[in-house]
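Ligands are counted one by one from 1 in listed order, and the atoms in each one are counted from 1 as well.
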Amino acid sequence: MTHPIITIDGPSGAGKGTVAYRLAEHFGFELLDSGALYRIVGLMAFKQGLLDAGRADENELANLTASLNLSFRPNTATKTVEILIDDKPLTDDIRNETVGGYASKVAVFPKVRTALLDLQRNIAHGKKGLVADGRDMGTVIFPDAPVKVFLTASAKARADRRVLQLQTAGKVADYEAILADIIERDKRDENRSVAPSRPAADALVIDSSDKSADVVFDEILAFAQGRL
Ligand code: DC
């Protein structure tokens, strides 16, 4: 029997995180936010000067990735899985465009991706089930997952959502800069040589540009029916 795994891949801002959280809650599964791993690696690489102009050396970045003591801990209060570094939750903000950019830069290197492979696969062991969100969950990390989804949306719709999110949090939002960031990151994530962001052959593809989170959730539930 295949392990009950739901993979949700797609670009930033398509609503993967929200729907992954709701699916995990619905099924009582664990959650893997693989983007957070690349964000932590990207942030650490930046702090150590490894992303300075013209530097970005694959072996150096892979060594850094392998040396990071990363682990997971379920947070029962927020019902999410925290990612720990040296057994402590990371205190820096990794959920911003700048760190997203660092993550996308380190993520192009095959050896960096390999260094994160076992960590991601091991999280499924011994668990009732898993919802994994990222770019290559259905294509590379969990190719046998019975339920695969590729959730996308137009760059414009994603920029609109991000602006609204920032404004709601009382932060300044520059629409043009956010849209440009999204387009640049999509291009890098889709065109890299290893594990490019694309739907698995057996994935349900959903364009959420004009769909509410409820509609997306219901479509995935209907697709998952009988597959898990
Ligand atoms: O999903 P996110 O925005 O948190 O991901 C940040 C970056 O990390 C994304 O631009 C590309 C990279 N990433 C990846 O290459 N593979 C994954 N499975 C998840 C993220």
Side-chain angles (χ1 to χ4, degrees), residues 5-21 23-24 30-46 50-51 56 58 61-62 64-65 68 70 72 80-83 85 90 92-124 130-143 145 148-153 155 157-159 161-162 165-166 178-200 203 208:
I5 295 177
I6 302 175
T7 61
I8 313 280
D9 289 307
S12 278
K16 289 179 309 209
T18 307
V19 79
Y21 180 88
L23 287 165
E30 298 267 339
L31 201 57
L32 168 64
D33 169 9
S34 63
L37 296 175
Y38 288 93
R39 284 171 182 266
I40 291 171
V41 172
L43 180 64
M44 293 302 164
F46 170 75
L50 303 187
L51 294 180
E58 176 165 9
L61 288 168
L64 166 76
T65 308
L68 294 177
L70 300 172
F72 300 95
T80 56
V81 178
E82 286 177 338
I83 296 176
I85 184 155
L90 190 80
D92 296 275
D93 182 14
I94 56 166
R95 316 270 167 200
N96 59 56
E97 277 72 27
T98 309
V99 176
Y102 301 152
S104 170
K105 281 183 185 150
V106 298
V108 301
F109 294 109
K111 287 182 185 170
V112 169
R113 306 195 69 84
T114 303
L116 290 173
L117 210 121
D118 288 345
L119 187 67
Q120 296 175 87
R121 287 199 178 137
N122 288 342
I123 192 178
L130 181 74
V131 182
D133 98 58
R135 301 291 182 291
D136 62 341
M137 298 296 103
T139 49
V140 176
I141 306 295
F142 302 113
K148 297 181 188 175
V149 177
F150 191 84
L151 184 59
T152 186
R158 289 182 283 135
R161 283 179 202 162
R162 185 65 182 141
Q165 212 177 38
L166 288 168
I178 287 170
L179 182 64
D181 254 16
I182 284 177
I183 292 170
E184 186 194 331
R185 188 132 72 90
D186 282 358
K187 210 186 282 170
R188 200 184 301 120
D189 294 345
E190 287 164 11
N191 293 311
R192 64 185 176 220
S193 59
V194 173
S197 182
R198 68 170 63 134
S208 73

Closest protein heavy atom to atom 16 (N) of ligand 1, given as residue, atom name and distance to 0.1 Å: R113 NH2, 3.0 Å
Numbering as shown, the atoms of ligand 1 that approach K16 to under 4.0 Å (heavy-atom distance): 1 (O)
Ligand 1 versus M137: contacting region, heavy-atom distance under 4.0 Å: side chain
Closest protein heavy atom (residue, atom, distance) for atom 8 (O) of ligand 1: Y38 CB, 3.4 Å
Check: V99 and D92 side chains under 4.5 Å, non-hydrogen atoms: no
Donor-acceptor pair, side chain of R192 and main chain of F109, under 3.5 angstrom: no
Ion pair D181/R162, N-O distance below 4.0 Å: no
Nearest protein heavy atom with distance in Å, relative to atom 4 (O) of ligand 1: R39 NE, 2.7 Å
Shortest protein contact, atom 1 (O) of ligand 1 (heavy atom only): R135 NH1, 2.9 Å
Option passing side chain to side chain contact (heavy atoms under 4.5 Å, CB included) with T65 (candidates L70, V41, L119, V106): V41
salt_bridge(R158, D186) N-O dist < 4.0 Å: yes
Nitrogen or oxygen atoms of D189 and ligand 1 under 3.5 Å apart: yes
Residue A107 vicinity, atoms of ligand 1 by number, heavy atom under 4.0 Å: 12 (C), 15 (O)
Shortest non-hydrogen separation from F142 to K148 and the atoms involved: O-CE, 3.9 Å
4.5 Å side-chain heavy-atom contact, M137 and L32: yes
Distance from atom 7 (C) of ligand 1 to nearest protein heavy atom, with residue and atom: A103 CB, 3.5 Å
Heavy-atom pair of closest approach, residues T139 and R135: OG1-O, 4.3 Å
Atom indices of ligand 1, in the order listed, that fall short of 4.0 Å to a heavy atom of G134: 18 (N), 19 (C)
Closest protein heavy atom to atom 19 (C) of ligand 1, given as residue, atom name and distance to 0.1 Å: S34 OG, 3.4 Å
For atom 6 (C) of ligand 1, closest protein heavy-atom neighbour: R185 NH1, 3.5 Å
Chi angles and distances behind the side chain to side chain contact (heavy atoms under 4.5 Å, CB included) call for V131, I8: CA-CA 7 Å; V131 182; I8 313 280; 4.1 Å; yes
Closest protein heavy atom to atom 3 (O) of ligand 1, given as residue, atom name and distance to 0.1 Å: S12 OG, 2.5 Å
R192, portion touching ligand 1 at heavy-atom distance under 4.0 Å: side chain
